[in-house]
Asker: 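One structure, as structure tokens, below. Some questions next.
Within every chain, numbering begins at 1; the chains are lettered A, B, ... in the order of the sequence lines, protein sequences first and strands thereafter. All values derive from a computational prediction rather than experimental measurement.
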Amino acid sequence: MARILVVDDDADIRDMLSFKLAKAGYEVHTEEDGETGLAAARELQPDLILLDWMMPRLTGPEVCRQLRDEEATARVPVILLTAKAQEADVQRGFATGADDYIAKPFSPRELMSRVQALLARSG
Amino acid sequence: MSSVITAFDWFVLGYFVLLNSGYLLLIGVASLDVARWMRRFSFAAHDDIFANPLTPGVSVLVAAYNEELSIVASVDALLGLKYPEFEVIVVEDGSTDATFERLRQAFDLRPVERVIPNEVPTLGRVLSTHAPASDIPLLVVRKENTGRRSDPINVGINAARQPLMCVVDADSLLEQEALLRVVKPFIDDPRVVATGGVIRAANGSRVERGRVTQAVMPRRWIERVQVLEYLRSFLLGRTGWSRLGALLIISGAFGVFRRDVVVEVGGMNLYTVGEDAELVASIHAHLRRAKRNYRVAFVAEPVCWTEVPHSAAVLGRQRRRWSQGLGEVLWLHRRMMFNPRYGRIGLIALPYYLLFELIGPIVELSGIPIVIVGYALGYVDVPFAVLFAAVAFGYGLFVSLSALAVEEFSFHRYSRWRDLGAAVLAAVVENIGYRQLHSWWRLQGLWRFIRGQEASWGVMTRAGFDSPQ
Amino acid sequence: MTRVASGFVAALVAITALLVLLALATAVRKAMRESRDRRHARVEAAVRPALLSYLAEDEPDPHELDEVVQGRAAGRSLQELAAGLLTKLRGEDRRVLERLLDAQGVLDQARRRTRRPGPVGRARAADLLGAAGYEAALPELTRLLRDRDPDVRAAAARALGKLAVPSAVPALLGSLDARRAVPAGVVTMAILHIGPEAAAPLADGLSLDHSGTARAISAELLGRLGGFQAAGRLIEALGSDPEERVRAAAARALGRIGVPRSVPPLEAALMQDASASVKQAAAWALGELGGTRGFAGLTAALRSPDHALARRAADALVSCGPLGVALLQRTAATDEPGSPEARETLGRLEPAAA
């Protein structure tokens, strides 16, 4: 029963992903901004994190950077979601330690496949 | 003698009616604009501006002098703005406190080479330039202090490399989408050379990590009155002026300009306290003389919040400085006054500011001693005087409440009934006592302007950077 | 009472009445808004979970939701939620939502709405049709591109972009300078949404029978969309277009597209073009293309009195490899023109070099 943390300030996206992931059998937690998301990541130790880029308080890349700096969360798979999809942004996203990068608008089914793949790889 | 007094009384009443009617006109025009904006907001497409790779980049310029308490939070908030391409340039103006040290620690600043050409004139020498080791788009320029706010901004202009520049105060709190909103006019209309955004008083509101999360009316009356003042003059006054095509003042606390145009007019004027208004006036003067097709726009949506003074002493200094600055700007650009060549700026905006904002306090305050003298000499009919005052007060109150009504009908940022009630009472308080006090400060500012330049610099060194903390 | 005094009293009464009215209107408005928000929240609380679990299914049947969506308020809430979600999604899930909206008759309704008065309604309808990817509405949307209201035109342009139909590109380019124009930012985003298939019509946009704005934007977008086939025409525009912004955009596009035969024309532009912005763009493009062929031009540009050009030349020289870096190091050690820019560029390199 893999545990997934979804951090996004957009309630529609949060809830939709929550429903889909729960239907697929995952245990889902959601947070609406970077700061509470980071705290939840430390506390819950999820198996995968879906992270939005533009959020109030702490942005996605900053959260990712902090996660990578801490021993406990350094290896959690992270997928970044964002409306910014220029080459430089993709590079920055990966540079902060994300494992995958999805541009918005996105295909939820495609996202699910990536989630499954990442979880399978990280065992 | 009594007929002189009566004539004067009628003059003062006429002045009040004219002033408030002018304001009502502005509010009426502005509310049309705001209403139109409200209905169309859902498809204003700010997300597209964010995702578009062709959206012009912005250099955010901040002058920082002795801001050690809040500078890191401010810069953090600026770096978190939602905008595709921008750089933040902090010009540290020879602070005597730990401003630079705080920045250095928080952002891991290293000294870097940065070419800063001399495109606009500056006075103070640049001492060093610093940037973070990581790819955070921040540049900190240290320069020697010369006692005026326009100098660090001009250094920032020289260091800036994006096509648009945004000037903010170190203690301004910007909404996350602020840049998207104030850049939109540039994207919609290539003639736009400058835009201003609404400044709102943040006192009392909940602020987290450099952003206002919930608007709340403050407790002190002096702050409440300013909240209302800012609603009236920024939200509605400036929107109205912009709709009339005569926007003269973009606040130094927040404004976006095309960098090339600013360089053309030589950046900010180094010798006036009203440097932000002077920049816009210069732009108008320059482009009209060159007969270029241009526009100055204003965005009514709330974008920028600032802590307003919470003591009468600090508020007084600020208002005196504003008034003095206004006098200096009007004097510098007196050529445009009543000059048809400068269109609505010359024929409507400048005369308005001269007659109602600059000279206004003289009229407003002279009423009081005249009435007292008249009463002492037995020339004043008390019921008449009371009615007179009541009408003047009532009309002023009506204007303030209209501003409040428009805010409630449109952006409705103050959600609690308690806040609305406080605002209504503040409108009453504003017209009894505050107005007169304000006029007195403005009169002092006017006097300083008339007396000449030296006084202005002396005031500026301290008053310019009072931190409301 | 004198006439004047009674005049004052009348004025006072009038003002007081207006004040009371204003206060009442404001209070009523606030109360109404709050109750409407509460109602809306209640309805949404019922509809939202139903819609989201519907979306989570593999093969949802649009009529499943009919039970939940009883009444106009619920119907409208469902449509708003679905339309809002639509704009954020791609792929099969998006098609599920489109089919749902279609089954509810919403899309046909929106098509009809585009023909009725009331610009706000027309614009919203255009938005919805674009978000839903309703290709059948292409004729209506193309017509709305010439609508009297600027917001409607902008919404139509955005919608055409979302439909991703390349045949809309000429109309979009045309709307840049029409009497009823659409802002450039909206047009560029729409064409970017259409994607690489827009390259062919964009290449046509470079010809001189289009306006300067259209030509500049065509060049800019060809660069972003990777229009390789248009490289020849871009080179032509770089050399001979009368407007500097078109030449500069062509230079940038060639830099992005990365075709080797554009190096000589770029170098020529760098050395001979009359406009500073074109030279700067050419320097940047040579840097993107890399290699030592542009070396001579960049060396000269480094010493230019134009700081912006010198800076771009310095950055571009880095991509010329060791030769370029060596030149920068030599220049940096002197006090000649170009040395500050060389020092700045080398300073940025240091961490990577270390």
Asker: So, B:Ser59 and B:Gln162: side-chain donor and acceptor under 3.5 Å apart, yes or no?
Answerer: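 The criterion, which ignores hydrogens and geometry beyond distance, is not satisfied for B:Gln162 and B:Ser59.
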Asker: Is it the side chain or the backbone of C:Glu220 that comes within 4.5 Å of chain B heavy atoms, both, or neither?
Answerer: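 The side chain, not the backbone.
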Asker: Please state whether the side chain, the backbone, both or neither of B:Ser402 comes within less than 4.5 Å of a heavy atom of chain C.
Answerer: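 For B:Ser402, the contact with chain C is made by backbone and side chain together.
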Asker: Identify which part of B:Leu401 has an atom lying under 4.5 Å from any heavy atom of chain C, answering side chain, backbone, both or neither.
Answerer: both
Asker: Testing the 3.5 Å rule here: is there a donor-acceptor pair between the side chains of B:His412 and B:Ser410?
Answerer: no
Asker: Is a donor from one side chain sitting under 3.5 angstrom from an acceptor on the other, for B:Ser134 and B:Asp108?
Answerer: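 B:Ser134 vs B:Asp108: no donor-acceptor pair found between side chains.
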Asker: So is B:Arg258 actually on top of B:Phe186's ring, under 6.0 Å and inside 45° of the axis?
Answerer: no
Asker: Going by the angle between their ring planes, with limits at 30° and 60°, are B:Tyr15 and B:Phe11 parallel, tilted or perpendicular?
Answerer: tilted
Asker: C:Ala27, C:Ala184, C:Ala308, C:Ala23: which one forms the most heavy-atom pairs within less than 4.5 Å of chain B?
Answerer: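 Among the listed options, the one with the most contacts to chain B is C:Ala27.
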Asker: Tell me, for B:Val115 versus chain C, whether the close heavy atoms (under 4.5 Å) come from the side chain, the backbone, both or neither.
Answerer: both
Asker: For C:Leu18, which atoms come within 4.5 Å of any heavy atom of chain B: side chain, backbone, both, or neither?
Answerer: both
